[in-house]
Structures are given as structure tokens and as C-alpha cells.
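Chain naming here is simple, since letters A, B, ... match the order of the sequence lines and numbering starts at 1 in each.
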2 protein chains.
Amino acid sequence: MKSLSIKDIAVKANVSITTVSFIINGKAKEKSISEAVIEKVEKIIEESGYKPNQIARSLRTGNSNIIGLIIEDISNSFFSRIARLIEDKAYKKGYKIIYSSTENSIDKAKELINMFKSRKVDAYIISPIKGIEEDIQMLLDDGNPVILFDRNLKDVNTSYVGADHFNASHQSIQSFIDHGKKNIALVTTDINVEQIIERYDGYKKALEDNGIRYDDKLVLKIHFNQEESETIAQIQELFENKKIDAVLFATNYLAISGLKALKQINKKVGDDFGVIAYDDHEAFELHTPRISAVQQPLEEIAETIIKLILNQLSSKGKSPAEEVIIPARLVIRD
Amino acid sequence: MKSLSIKDIAVKANVSITTVSFIINGKAKEKSISEAVIEKVEKIIEESGYKPNQIARSLRTGNSNIIGLIIEDISNSFFSRIARLIEDKAYKKGYKIIYSSTENSIDKAKELINMFKSRKVDAYIISPIKGIEEDIQMLLDDGNPVILFDRNLKDVNTSYVGADHFNASHQSIQSFIDHGKKNIALVTTDINVEQIIERYDGYKKALEDNGIRYDDKLVLKIHFNQEESETIAQIQELFENKKIDAVLFATNYLAISGLKALKQINKKVGDDFGVIAYDDHEAFELHTPRISAVQQPLEEIAETIIKLILNQLSSKGKSPAEEVIIPARLVIRD
DNA sequence: TTGATCAACTAAAACGTTTTAGCTTAGCCG
DNA sequence: CGGCTAAGCTAAAACGTTTTAGTTGATCAA
């Protein structure tokens with residue numbers, strides 16, 4: 001019933017705990033343990049199904065082989081796909097991932113950081129929100145590897161991996177303009193994070209570059225946590241009361257609400273009404289007509305994150321902060 | 001730099017480690033520590049930002065306040081939404097969740113169980129695959145609370161929470177038949193899990209109940225890990241070469257591939273070609289026409305899982321196994 | 001013969017908690 | 001005044017590892 005400990009193995013093999021430990025950790029040669037003993041112990045371990053207690057191990061060594069991943073919401077497909085990729089890649093390097101969602105709450109984010117800290121995770125991957133700069137700085141001060149992704153924090157000097165939101169947004173609007181659109185709306189959220197602001201800036205700059213006057217009335221900021229029905233109503237109001245011939249949605253879930261809104265008021269997407277969504281989604285490919293979208297290179301982002309983390313882990317957190325901005329891709333459909 | 005330990009607090013407060021521990025764990029009254037000391041220690045803890053080392057705590061107490069969640073694939077929206085709900089509810093009870101994806105690999109599933117075991121999680125929530133019955137039995141034998149969900153394992157006597165796949169499938173096919181369909185196809189996967197089999201059985205039984213001959217040729221089993229393009233090709237072949245007037249997709253990602261396939265060969269969903277998807281997805285509501293789907297009551301499933309887990313935890317894993325089958329809902333659209 | 005070197009192994013400390021068992025001191029009763 | 005109880009606290013063991021600093025005995029060179 002109670003699980004085996006290294007002591008049980010030692011007793012069975014009639015050797016010391018130390019010897020067993022050396023063998024388990026592959027230090028047998030180095031510590032000159034004889035072939036015979038190695039074999040004997042390994043056989044016993046094999047037969048008994050003994051697995052070292054990771055908790056005791058962590059307590060002693062101070063590291064856990066666990067990487068903490070803090071994201072906004074695991075049920076959002078952007079995050080769940082990234083999480084899956086990160087998990088995969090980390091797994092291959094012998095690291096496990098623990099993840100948790102902040103739901104855009106500063107308090108929950110702080111709690112999560114604390115919980116990861118008290119569990120001594122070896123590194124942190126965080127898609128941050130404003131308000132936790134200090135907590136992140138403390139992690140850094142303690143020498144922990146920390147990588148931010150998706151959204152950067154200005155005041156913290158740490159590594160960051162993210163897509164080029166400004167240019168992707170700029171390019172989307174430019175594409176509308178090239179197709180003769182003049183009255184271009186932006187539906188975005190009111191959460192105050194870097195990547196949303198960059199998308200907004202890209203929108204404004206593209207208009208400006210083309211001599212189109214920026215109109216506050218064409219920008220709709222949706223509350224983060226509100227009911228979808230309300231979102232849909234707000235979007236409908238925008239579309240019905242303003243002269244609009246194209247719209248950029250700043251997130252994919254807003255685009256989905258937006259498409260529902262369009263469907264209800266029976267407005268068709270097409271040559272005289274352009275739509276681009278930021279972050280692709282399966283629904284867009286399937287929609288009639290298919291919806292254009294900005295694709296973030298998930299694979300590349302995940303790959304880069306893991307690469308940076310491993311670098312930092314091997315350099316004991318003393319490698320300099322790096323910012324990697326990865327171009328996003330505008331996929332024009334239909 | 002190094003994080004504080006209970007000893008540092010004890011020294012600062014000029015009391016023993018024991019006293020600090022009692023205070024941290026709310027046993028101060030019970031152990032008759034004076035108000036004055038309690039206040040002093042709490043103040044120091046507050047000021048210094050001390051957080052107990054959970055690893056040491058786990059090592060000593062043998063539990064971790066962590067629940068392990070093992071699922072097929074976190075990037076599948078069914079699982080990521082369930083995960084989010086479970087995480088939420090567990091969090092409110094003071095438990096954290098660690099999750100990991102098996103990707104339908106028996107080896108990875110076993111490894112995950114081992115890794116959770118060696119990290120001493122307090123309970124396991126598993127959406128299992130065939131081939132890990134023994135491992136699960138071992139967990140049970142060791143007195144661990146284990147809840148299976150989504151798919152059951154026949155040979156293991158443990159609690160299970162899942163939707164009524166058989167009836168939902170039966171009802172879907174019945175609905176086709178009620179609308180005059182005769183040649184009804186089933187697109188499913190070749191993975192050998194309970195819930196997929198139940199959906200298949202429901203399909204067969206509904207045909208039988210209505211005196212329609214079961215035709216092997218109308219059932220397409222897709223390999224789990226194959227490229228989507230190949231899946232689409234296979235589905236197209238089925239639709240083009242057989243006389244079919246309705247199709248049930250056994251998972252939502254198959255339905256999405258199927259809808260893409262239909263689009264490419266320009267076959268319209270409508271009165272003369274019915275489609276139902278098992279597991280709803282945002283894309284279905286948005287599709288033109290809207291696609292009917294079987295909705296699993298995620299909220300209720302998550303709620304029930306947590307309820308059972310907490311029961312087991314409080315009864316030290318000695319409460320009897322319970323099977324909860326929750327009805328699924330067929331949502332007919334357009 | 002002596003000392004050095006090396007192979008083969010091990011005792012015990014340390015990691016940071018929780019908890020059992022006990023130690024003082026003061027107060028109170030008879 | 002002796003004995004008992006209770007209040008208020010603490011020493012030390014235990015959890016299961018890793019790792020440092022050995023010990024022992026054999027071999028070998030001089």
C-alpha cells in the first residue's frame with residue numbers, strides 16, 4: 001500500500017541508500033560502483049516498480065523539472081493550441097508543464113505566481129496583464145527564468161516572444177484600402193494590454209498613411225467579461241448606424257460574435273463589406289464566404305519560447321533578455 | 001535572494017519553529033498560543049512576504065492540494081472547455097489542477113500517471129484510453145481517488161461521469177429518420193474508446209429500430225492521427241460514391257473536416273442532405289446553413305466530477321464508485 | 001615496510017515543513 | 001505547603017531524497 005522508498009530498495013539489495021541514489025541518477029560509473037551492484041540494484045528497481053518521490057527530490061535539489069505556464073484562458077483556442085505545442089516541446093526535453101488561467105484578473109495572476117513560486121517551478125512562461133510588473137520583477141530578481149509571450153510589459157526587462165501585431169494590423173487595413181474601402185471600423189476590447197494596443201496603433205497609422213481621417217465613432221471597444229448577447233447587440237448597433245464598408249476584429253472571439261451579429265441583421269460579407277479577423281479560427285475557413293484572418297505562427301512562437309527558456313535554464317538565468325518579434329501572416333480568403 | 005523559511009520567521013519573532021507552524025496552519029488557538037505571539041508572528045510574516053514551501057509541506061504531510069487531470073488533447077475545444085471549468089471549480093475549493101495531454105498514446109498516458117504519482121497528487125481525473133486499466137487499478141489499490149470522465153473503462157471499478165452517448169446518437173439518427181432520411185452515414189474514428197463505441201452502437205440500434213438495414217459501407221472510420229487533407233479526401237470519396245442523404249459525425253473535429261469536404265465538392269447541407277455533429281463547436285452556429293449538433297452539458301459534467309472528487313477526498317477514497325450518466329442535448333438548427 | 005593511490009562503498013547532514021511528546025511556570029485547591 | 005491542572009511554549013523526529021566527506025581494504029612503487 002505505502003509506496004516504496006529508496007530505503008526499501010537499499011535494504012533489498014543489501015547496499016546503502018547512497019549507492020542506490022547514485023545508480024538511479026546515472027552517477028554509478030563516476031562514483032565507481034561495480035557492475036555487479038549496478039545490475040543487482042537495477043533489477044530490483046525494475047521488478048519492484050519503484051519510482052523516486054519527486055517531492056523529496058525537489059526539496060533536496062531545489063528544482064522541480066516543472067515549468068509554470070500562466071495564460072489568460074485555456075479555453076481560448078489561441079492559448080490552448082499554444083499550450084499544447086509548448087507542452088509537447090517541453091516534454092521532449094524532460095520538463096513538465098503546469099498551466100493555469102488568469103481570466104484577466106490581476107489578483108488571480110498574482111496568486112498563480114505565488115503558487116508556482118511556492119512549488120518551486122524551474123521557469124515561468126507568462127502571457128501577462130498589466131498590474132503584475134512588480135511580481136514578475138521579483139521573480140527575475142530571484143534569478144528565475146521568465147519568458148513573456150503574446151503581450152509585452154514595458155516596465156519589465158525580460159525576454160519576450162510575440163507576433164508583430166502592429167504590422168499585421170497595419171497590413172490588414174492597408175489591404176482594405178487597396179480594395180477601395182474608405183470607412184473602416186475596428187472592433188476591439190477594452191483590456192489594457194500591449195498587443196491590443198499595438199493592433200489599435202496599426203489601425204490608426206494605416207489610416208493616417210493613406211490620408212484617411214481617423215474617426216473615433218468607428219472604433220468599438222467591448223468590455224472583456226460581458227455576455228456575448230450584449231456584444232452582439234453593440235456590434236449590430238455600430239454596423240447599422242454608421243456607414244462602414246470594412247471591419248477589422250481585434251480578436252477571434254470578437255470576430256465570431258461579429259459574424260453572428262451580421263447574420264442576424266442579414267448583412268452579407270463580400271465585395272462591399274470586408275471582414276478580417278485577428279487570430280485565425282476554424283470557423284472562418286468554413287464560413288460562407290470564407291473570412292480572411294491574421295494567422296499568428298503558433299508553432300514558431302512555441303518553439304522560440306522553449307528555446308529561450310532552455311537557454312536561460314542552462315545559463316542559470318543569467319542570459320540577457322531577448323525580444324523576439326515574429327511576423328504574422330494575413331491570409332486573404334475568397 | 002534565497003527565499004525565506006519558517007526558521008527565519010521564527011528567529012525574527014524570537015519563538016520556536018513549532019509556534020510559527022501552528023500559527024500558519026491556524027492551530028494557534030487549539031495549541032494555546034497567546035494572542036500577543038500570534039499577532040507578532042503574523043505581522044512579521046505579512047511584512048516579510050513569507051510563503052511556506054509547498055514542497056516541504058507536501059513531503060511532510062503526504063498531500064499536495066493538487067489534482068491531476070489527464071485528457072486526450074488540450075487543444076480540442078471539448079477538453080479545453082472542460083478543463084477550464086474544472087480548474088475554476090477546483091480552485092474555489094483550494095485545489096490546483098495540473099493537466100497534460102495523452103495524445104492517445106498509451107505510453108504517454110502511463111508516463112503521465114507515473115509522473116502524477118511521483119508528484120503525489122491528491123486525486124486523478126482521467127479521460128482514459130484502453131490499455132491503462134492496470135495502471136488505474138493500481139492507483140485505486142493505493143487508495144487514490146480516481147474519477148474517469150467522457151469515456152469509461154469496463155474493467156475498472158471506479159467512479160465515472162459522462163454523457164449518454166448511446167442515446168444522444170440514437171436520438172440523432174432517429175431525428176434523421178423522422179425527416180425521411182434513409183441512407184444515413186456515420187463518420188467516426190478508429191480509436192477504441194467507450195464513448196465512440198457507444199455512439200456507433202446508438203447509430204446501429206436506431207437503424208435497426210426503424211427497420212433500416214445496417215450497411216458497413218456507410219460507416220467511415222478515420223485514423224486518429226492522420227493529416228486533415230487525407231481525412232477530407234476520404235470523406236469526399238464516401239459522399240461522392242455512395243447514395244447518402246444524411247450524416248452523423250462522431251466528433252466535432254471530424255464534422256469540421258466533413259464540412260470542408262462538402263464545401264470543396266460543392267455539396268450543400270440542407271433539406272436533402274442532413275448533417276449532425278457530435279459535440280458542438282462555434283463554427284456550427286456560424287455555418288450557412290447552421291449545423292445541428294449534440295451538446296454535452298459541460299458545466300454539469302465538470303460540476304459532477306468535482307463533487308465526486310471532493311467526496312472521495314473527504315472520505316479518504318473509501319466512498320463507493322459511482323457512475324453518473326448525464327443526458328446530452330440534440331440541438332436542431334435551421 | 002611504508003606510504004600512496006585507487007576502487008568500492010557508506011554515514012550522516014541537509015532541504016523546509018508538520019506534529020508528537022514533553023517541558024516550564026503559574027495558579028488553584030484542599 | 002504539596003500536588004494537580006492548564007497555559008504557553010519548544011525539541012526533535014520524520015517525510016524521501018541528494019551529496020559531501022569520509023572509511024575500508026587492496027594494490028603497488030620504492
Side-chain angles (χ1 to χ4, degrees), chain A residues 1-42 45 48-66 115 117-122 142, chain B residues 1-42 45 48-66 114-115 117-120 122 142:
Chain A
M1 193 107 306
K2 272 213 50 31
S3 65
L4 292 166
S5 81
I6 196 173
K7 196 172 167 190
D8 300 314
I9 304 297
V11 168
K12 266 193 201 150
N14 204 22
V15 295
S16 75
I17 290 182
T18 311
T19 304
V20 178
S21 174
F22 285 153
I23 293 171
I24 290 170
N25 293 293
K27 301 195 179 159
K29 302 267 181 249
E30 181 188 332
K31 300 287 181 178
S32 54
I33 307 293
S34 69
E35 256 327 307
V37 171
I38 296 181
E39 267 174 36
K40 178 172 61 172
V41 171
E42 277 176 345
I45 289 177
S48 63
Y50 163 73
K51 299 273 182 247
N53 179 327
Q54 294 299 335
I55 294 187
R57 198 173 247 190
S58 290
L59 177 60
R60 171 62 223 224
T61 61
N63 46 45
S64 56
N65 277 344
I66 291 187
M115 109 108 185
K117 206 187 327 191
S118 65
R119 294 227 142 72
K120 306 286 173 202
V121 302
D122 293 349
D142 286 353
Chain B
M1 193 106 307
K2 271 211 53 29
S3 66
L4 293 166
S5 80
I6 196 172
K7 195 171 166 193
D8 300 312
I9 304 298
V11 168
K12 265 192 199 149
N14 204 20
V15 296
S16 75
I17 290 182
T18 311
T19 304
V20 178
S21 174
F22 285 154
I23 293 172
I24 290 170
N25 294 293
K27 302 197 178 157
K29 301 264 182 259
E30 180 189 333
K31 301 288 182 177
S32 54
I33 306 292
S34 69
E35 252 332 303
V37 171
I38 296 181
E39 266 176 35
K40 180 172 60 171
V41 171
E42 277 176 345
I45 289 178
S48 63
Y50 164 73
K51 300 272 183 249
N53 179 328
Q54 295 298 335
I55 293 187
R57 196 173 250 187
S58 292
L59 178 59
R60 173 59 226 227
T61 63
N63 48 43
S64 56
N65 277 345
I66 292 187
N114 270 331
M115 110 110 187
K117 205 186 330 189
S118 65
R119 293 225 143 73
K120 307 285 172 202
D122 292 349
D142 285 353

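Each end of the helix from C:dT1-D:dA30 to C:dG30-D:dC1 yields a helix axis from five base pairs, and these two axes differ in direction by 70° (to the nearest 10 degrees).
Residue contacts shown for A:Ser21 include a base, since a base heavy atom lies under 4.0 Å away.
Checked by atom type, the side-chain pair B:Lys120/A:Ser3 shows a donor-acceptor distance below 3.5 Å.
Nearest to the side-chain atoms of B:Leu59 among the listed nucleotides C:dC15, D:dC15, D:dT18 stands D:dC15. Distance from the side chain of A:Lys27 is smallest to D:dT19 among D:dT18, D:dT19, C:dT17.
Under the side chain to side chain contact (heavy atoms under 4.5 Å, CB included) criterion, A:Glu39 pairs with A:Glu35, sequence neighbours left out. Every residue was checked against the side chain to side chain contact (heavy atoms under 4.5 Å, CB included) condition with B:Asn14, not counting sequence neighbours, and none meets it. Taking the side chain to side chain contact (heavy atoms under 4.5 Å, CB included) definition, one finds that A:Ser16 meets it with A:Thr18, A:Thr19, sequence neighbours left out.
Pairs of residues two or more places apart, or lying in two chains, never qualify as salt bridge (Lys or Arg N to Asp or Glu O under 4.0 Å) while including a residue from residues 51-64 of chain A.
Of all heavy-atom pairs spanning A:Ser48 and A:Lys12, the tightest one is CB-NZ, 4.1 Å.
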> Along nucleotides 7-13 of chain D, 5' to 3', which nucleotides get a B, which get an S, and which get a -, given that the test is a protein heavy-atom distance under 4.0 Å?
Replying inline: -BBBBBB
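With rounding to whole Å, A:Asn53 atom CG is found 8 Å from D:dC15 atom C1'.
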